Protein chains: 2
Amino acid sequence: MSKGKEKRLFQNFLLENRFKRSVQRKELLDIFLNTNKHLTAEELYRIAKKKNPSIGFATVYRTLKLLCASGLCRELKLDDGITRYEHLYGHGHHDHLICTKCGSFVEVFDPEIEKLQEKLSKVHGFIPQKHRMELYGICSKCQKEEGRR
Amino acid sequence: MSKGKEKRLFQNFLLENRFKRSVQRKELLDIFLNTNKHLTAEELYRIAKKKNPSIGFATVYRTLKLLCASGLCRELKLDDGITRYEHLYGHGHHDHLICTKCGSFVEVFDPEIEKLQEKLSKVHGFIPQKHRMELYGICSKCQKEEGRR
DNA sequence: CTCTATGCAAAACCTTTGCATAGAA
DNA sequence: TTCTATGCAAAGGTTTTGCATAGAG
């Protein structure tokens, strides 16, 4: 559990914006903080439903928006078209390495690439704001399983 | 016009796969080849509708799938969730620089970044397959307009 | 009390599919 | 003739919205 800082951050976010606390928001935050970093809305909904069968899909989406607004969470849209929500707080910017076999994620960061990305933007006259980079490949676990067949 | 090579490629693709030619496919291919490189399905539909008001959305989507299968076209899913279709034939791999004000695209390619991306994958035990990189920023045109206000 | 949050169902999107008919080979 | 392609409408999948009611402050 723990995750005290994140919980406090969300509390403050709610207070500062005249939002109210609720059981659902608390439960969803707990699940979000204690689950893998790349949940879909549907996964979050299913987990929440086990604890609290009356929860609605709309609440999940609305709460995810709040989590993003508070800075705890970021939307991640991958090529499969399904939106995932990843932890943001305490993480710096990072990119993703994604296994095309098993779907596992690795967060990566390469300062050299970052520098070159910025340079590339400027060369084309852009003021860089943000970027996304996803590297797709086969992870070592899946490579071994491949070999076994 | 011209674009003879692309048209022939698509012809051959249809023949080789026992698909048939049709007026709609011809019209859609023409529009696709002669329009900006990052059409949405809706944009293509609207343009096609002007020439041929009876055309259906389903035909547009089905034809776009064929264009992708033939190698002329690639699906591009950006953060806004709308799928765009870009020209692929005769282009090598490239990434995108996207203006967050006006939405304009620039295609970019940086061999140094490519090399580092490959290295980064391998360091994490991945066999690299493909990647996507989008750099978001403000293009020079929008910077000037910003200044004018 | 007042105003926000919730759950439900309906709507909004974008994309795909089923089906009868038109059209290519 | 035999298949495939088309257009329409309906259905899918994901996310958002309207509304009456429940609940927080």
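Proteins get letters first, then strands, A, B, ... in listed order; numbering begins at 1 in each. Bear in mind the structure is a predicted one, so any value in this text is a computation, not a measurement.
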- So B/T59 and B/Q24, side chain to side chain donor-acceptor pair (under 3.5 Å) or not? Walk me through it. CA-CA 8 Å; B/T59 301; B/Q24 292 87 336; 5.8 Å; no

- Going by heavy atoms closer than 4.0 Å, what residues in residues 71-89 of chain B are next to DNA chain D? none

- Task: Measure the distance from CZ on A/R25 to C1' on C/dG7 and round it to the nearest whole Å.
- Result: 14 Å

- A correct 5'-to-3' footprint of nucleotides 17-25 of chain D, with B, S and - meaning base, sugar-phosphate only and no protein heavy atom under 4.0 Å, is BB----BBS

- Item | Aromatic ring pairing B/F32/B/H87, orientation class (parallel under 30°, perpendicular over 60°, tilted between) | tilted

- Salt bridge between B/R84 and B/E86, side-chain N to carboxylate O under 4.0 Å? no

- Item | Spacing of A/L66 atom CG relative to D/dT15 atom P, expressed in whole Å | 16 Å

- Query: Would you call the rings of B/H38 and B/F105 parallel, tilted or perpendicular, where under 30° means parallel and over 60° means perpendicular?
  - Reply: parallel

- Task: Just compare C/dC14, C/dG7, D/dG7 and give me whichever is closest to any side-chain atom of B/Y61.
- Result: C/dC14

- Message: Please determine whether a side-chain nitrogen of the Lys or Arg among B/D30 and B/K3 lies less than 4.0 Å from a carboxylate oxygen of the Asp or Glu.
- Response: no

- Item | Donor-acceptor contact present, side-chain A/N17 to main-chain A/F19, <3.5 Å | no

- Check side chain to side chain contact (heavy atoms under 4.5 Å, CB included) between A/E75 and all other residues, then give those that pass, not counting sequence neighbours. A/K65, A/C68, A/K77, A/T83, A/Y85

